[in-house]
Amino acid sequence: MKSAVETLNPTRVRLTVEVPFEELKPSLDAAYKKINQQVSVPGFRKGKIPARVIDQRFGRGAVLEEAVNDALPKFYTEAVNEGELNPLGQPEVDITELKDGELLTFTAEVDIRPALEIPDYSGIEVTVDAVEVTDEDVEKSVEQLRERFATTSPVERAAAEGDIVTLDLEAKVDGEVLEDGVAKGVDYTIGSGQLLDGIDEAVTGLEAGASATFTSELKGGSAEGKEAEVKVDVTAVKSRELPALDDEFAQLASEFDTLEELKADSRERLARMKKFDQATQAQEKVLEELLKLVEVPMPEKLLEDEINTRKHNLEHHQLGQMGLTLAKYLEIQGKTAEEFDAELKEQAEKGIRTQFVLDEIVNKEKLSVGQDELTEHLMRRAQSSGMSPDQFAQAVVEQGQVPMLVGEVARGKALATVVEAATVKDSNGEVVDLEDGEDEAAEATEAAAEGAEAKNEG
């Protein structure tokens with residue numbers, strides 16, 4: 001077999017492959033054997049029909065077609081290896097010549113991973129938010145915990161902001177009660193803004209047993225977007241009482257004996273969260289700067305496939321689970337279809353560029369993935385997917401996705417290598433040592449690398 005490589009552009013090549021006919025013999029034998037099992041000829045036992053009879057009865061062309069289809073993947077792979085190419089996706093194959101007993105010639109056009117020059121990235125500098133936990137942050141955190149331990153009790157007075165009211169609702173459009181416009185026993189916190197526009201004003205000041213009518217634009221259902229006349233009956237009014245902020249509350253809501261201990265723990269927890277946010281910010285900003293340094297030619301077919309994959313996943317999985325159409329989603333987001341497509345293309349391009357650049361750094365720095373690192377990553381992915389580690393691991397193996405996970409970890413290590421070489425300062429001008437939050441930094445690095453990945457073959 002002989003092969004030649006023609007570079008069409010930095011991301012696409014055409015292979016021309018010549019195969020002497022004798023190298024097709026194993027595939028020809030296999031073709032005769034396969035046809036033998038599929039057909040019957042009077043006077044011959046199944047599987048024992050001579051080749052010349054098959055040629056006469058079914059045509060030599062059918063045999064050659066079967067043989068070539070069987071042989072092409074093998075010869076294509078040999079040509080790829082000979083040319084030291086990194087193909088992306090499936091090739092477009094064209095048989096240019098097939099001379100029985102003499103020669104098979106075919107061409108294969110395929111996208112390839114572009115050759116990249118990774119420059120010195122040690123000069124990258126980024127600024128991230130400083131880790132500062134204020135007294136106000138601590139008070140807000142404790143207040144949120146206090147809200148979770150609030151109690152309610154019925155009151156015989158007019159409803160006011162912050163009260164919980166139990167409501168029966170009936171919506172009419174053009175004087176007709178909607179089939180899906182009746183709801184009973186709905187609990188609503190006045191002032192939360194979580195029901196219909198105008199309901200807060202309607203129920204404020206009403207006691208249990210009182211009613212009101214107001215108009216509101218419906219946010220969902222069969223008459224979504226239409227003005228409705230809504231009758232609301234208040235069946236109960238309950239007040240919310242927050243526990244006193246004292247040592248007794250600390251003992252009720254936590255493992256601590258005093259309020260001061262609870263506040264100190266909240267401060268430490270908030271500092272850890274902000275440290276994680278800081279590490280995430282550092283990875284994302286360093287990645288942005290790294291991508292500016294490297295010119296990455298874009299394989300058009302791969303980009304098209306990536307855009308289609310992302311759009312399909314959004315439309316049929318994420319939005320489907322929420323009961324939204326793409327048109328409705330765009331309406332909620334306030335975007336045109338053109339703006340959405342442009343954003344999708346930009347995200348897909350960034351994902352592909354990120355994967356190419358980080359993979360190149362993996363090769364350049366000779367980074368490898370250990371079993372412990374892979375297991376740790378698998379545990380994190382299992383947790384985020386809502387599956388047990390065993391279930392997730394089984395699914396990964398069954399779907400042949402182990403190399404994909406290895407790639408994710410390797411790219412995370414590549415980004416960590418770049419971050420380590422870069423200078424990261426906080427908004428106070430202090431150099432940030434991300435090793436202080438090593439676990440947070442590791443999680444953030446993998447998240448940043450995964451968030452911009454492309455799904456491609458090769």
- Task: Give, for atom CZ of F256 and atom NZ of K263, the distance between the pair rounded to the nearest 0.5 Å.
- Result: 14.0 Å
- Other residues, nucleotides, ligands: >12 heavy atoms within 6.0 Å of K238 NZ: yes
- Query: Would you say E300 and N9 make side-chain contact, with heavy atoms under 4.5 Å?
  - Reply: no
- Item | NZ/NE/NH1/NH2 to OD/OE distance under 4.0 Å, D137 and R267 | no
- Task: Can you see which heavy atom on L270 is nearest to which on S141, and at what distance?
- Result: CD1-CB, 4.0 Å
- Under 3.5 Å, side chain of D111 to main-chain N/O of G89, donor-acceptor pair present? no
- Query: Do other residues, nucleotides or ligands put more than 12 heavy atoms under 6.0 Å from the CD atom of Q383?
  - Reply: no
- Note on the structure: dist I118:CD1 -> N363:CG (nearest 0.5 Å) comes out at 9.5 Å
- Message: Checking the side chain of K413 only, and the main-chain atoms of S368 only, is there a donor and an acceptor separated by less than 3.5 Å?
- Response: yes
- Roughly how far, to the nearest 0.5 Å, is CD of E289 from OH of Y121? 15.5 Å
- Query: Can you tell if the side chain of L405 reaches within under 4.5 Å of the side chain of E408, non-hydrogen atoms only?
  - Reply: yes
- Hey, are K301 and D305 close enough for a salt bridge, meaning a charged N less than 4.0 Å from a carboxylate O? yes
- Does a salt bridge link E288 with K285, judged by any charged N lying under 4.0 Å from a carboxylate O? no
- Message: With a 4.0 Å cut-off on N to O distance, would you call E136 and K140 a salt bridge?
- Response: no
- Item | Within 6.0 Å of CD in Q251, more than 12 heavy atoms from elsewhere | yes
- Do R310 and E306 meet the salt-bridge criterion of a basic N to acidic O distance under 4.0 Å? yes
- Would you please say whether a donor-acceptor pair under 3.5 Å links the side chains of E365 and T417? no
- Message: For a side chain to side chain contact (heavy atoms under 4.5 Å, CB included) check, start with the C-alpha distance between E339 and Q333, then their side-chain angles and the critical distance, and finish with the verdict.
- Response: CA-CA 11 Å; E339 288 170 337; Q333 294 288 313; over 6 Å; no
- Check for a donor-acceptor pair, side chain of D265 on one end and backbone N or O of E261 on the other, with a separation under 3.5 Å. no
- Note on the structure: side chain to side chain contact (heavy atoms under 4.5 Å, CB included) test vs K328 passes for just one of L326, I332, L330, namely I332
- Are any side-chain N or O atoms of D426 and backbone N or O atoms of V128, one a donor and one an acceptor, separated by less than 3.5 Å? no
- Item | Expected output: side-chain T105 to main-chain T96 donor-acceptor under 3.5 Å | no
- For residues L72 and I95, determine if any side-chain heavy atom of one lies less than 4.5 Å from a side-chain heavy atom of the other. yes
- Message: Is it the case that atom CD in E139 sees more than 12 heavy atoms from other parts of the structure closer than 6.0 Å?
- Response: yes
- Task: Using a cut-off of 6.0 Å, state whether more than 12 heavy atoms not belonging to E224 lie near its atom CD.
- Result: yes
- Query: Is it true that K231 and E170 have a side-chain N and a carboxylate O under 4.0 angstrom from each other?
  - Reply: no
- Message: With rounding to the nearest 0.5 angstrom, report the CG to OH distance, N81 to Y76.
- Response: 10.0 Å
- Indicate yes or no: does R113 engage E360 in a salt bridge with an N to O separation below 4.0 Å. no
- T189 and R240 side chains, donor-acceptor separation under 3.5 Å: no
- Task: Look at the side chain of S384 and the backbone N and O of R381, then say whether any donor-acceptor pair between them is shorter than 3.5 Å.
- Result: yes
- Query: So which heavy atom on D168 is nearest to which on G185, and how close?
  - Reply: OD1-N, 2.9 Å
- Item | Gap between atom CD of E109 and atom CG of L8 - 0.5 Å precision | 5.0 Å
- Task: Look at atom NZ of K335 and say whether more than 12 heavy atoms of other residues, nucleotides or ligands are closer to it than 6.0 Å.
- Result: yes
- How far apart are the C-alpha atoms of I112 and T7, what are their side-chain angles, what is the distance that settles it, and do they pass the side chain to side chain contact (heavy atoms under 4.5 Å, CB included) test? CA-CA 10 Å; I112 58 165; T7 301; over 6 Å; no
- Message: Tell me the closest heavy-atom pair linking S427 and A130, and the distance in Å.
- Response: OG-N, 3.2 Å
- Q391 side chain to M387 main-chain N or O, any donor-acceptor pair under 3.5 Å? no
- Query: Given V286 and E420, is the side chain to side chain contact (heavy atoms under 4.5 Å, CB included) satisfied, shown in steps?
  - Reply: CA-CA 10 Å; V286 168; E420 195 177 330; over 6 Å; no
- Item | Heavy-atom side-chain proximity of Q394 to D390 below 4.5 angstrom | no
- Charged N to carboxylate O under 4.0 angstrom, K274 versus E132? no
- Task: Any chance you could lay out the side chain to side chain contact (heavy atoms under 4.5 Å, CB included) test for E6 and T16, step after step, and finish with the verdict?
- Result: CA-CA 8 Å; E6 178 189 354; T16 301; 5.6 Å; no
- Item | Lys/Arg N to Asp/Glu carboxylate O, E346 vs K350, below 4.0 Å | no
- Task: Check whether any side-chain heavy atom of L196 sits under 4.5 Å from a side-chain heavy atom of F214, and report yes or no.
- Result: yes
- Message: Applying salt bridge (Lys or Arg N to Asp or Glu O under 4.0 Å) to E92 and R12, what does each step give before you reach the verdict?
- Response: CA-CA 11 Å; E92 293 177 10; R12 195 164 178 84; 3.5 Å; yes
- Query: Taking the side chain from Y188 and the backbone from G193, do they hold a donor-acceptor pair closer than 3.5 Å?
  - Reply: yes
- Message: Is there a side-chain contact between F75 and S27 in this structure, where contact means two heavy atoms from C-beta onward sitting under 4.5 Å apart?
- Response: no
- Query: Just how far is it from atom CD of E241 to atom OG1 of T151, taken to the nearest 0.5 Å?
  - Reply: 5.0 Å
- Message: For T166 and D187, which I'm curious about, is there any donor-acceptor pair between the side chains at under 3.5 Å?
- Response: yes
- Message: Between L290 and L358, is there a side-chain heavy-atom distance shorter than 4.5 Å?
- Response: yes
- Considering all heavy atoms, the nearest L367-A410 contact: CD1-O, 4.4 Å
- Task: Taking the side chain as every heavy atom from C-beta outward, state whether V234 and E207 have any pair of such atoms under 4.5 Å apart.
- Result: no
- Item | Closest heavy-atom pair and its distance - F249, D246 | N-OD1, 2.9 Å
- Query: Shortest non-hydrogen contact from V19 to M1?
  - Reply: CG2-CG, 4.0 Å
- Check: S211/D233 side-chain N/O donor and acceptor closer than 3.5 Å: yes
- Query: If we ignore angles and hydrogens, is there a donor and acceptor under 3.5 Å between the side chains of S122 and D120?
  - Reply: yes
- Any donor-acceptor N/O pair, R411 side chain to D359 backbone, under 3.5 Å: no
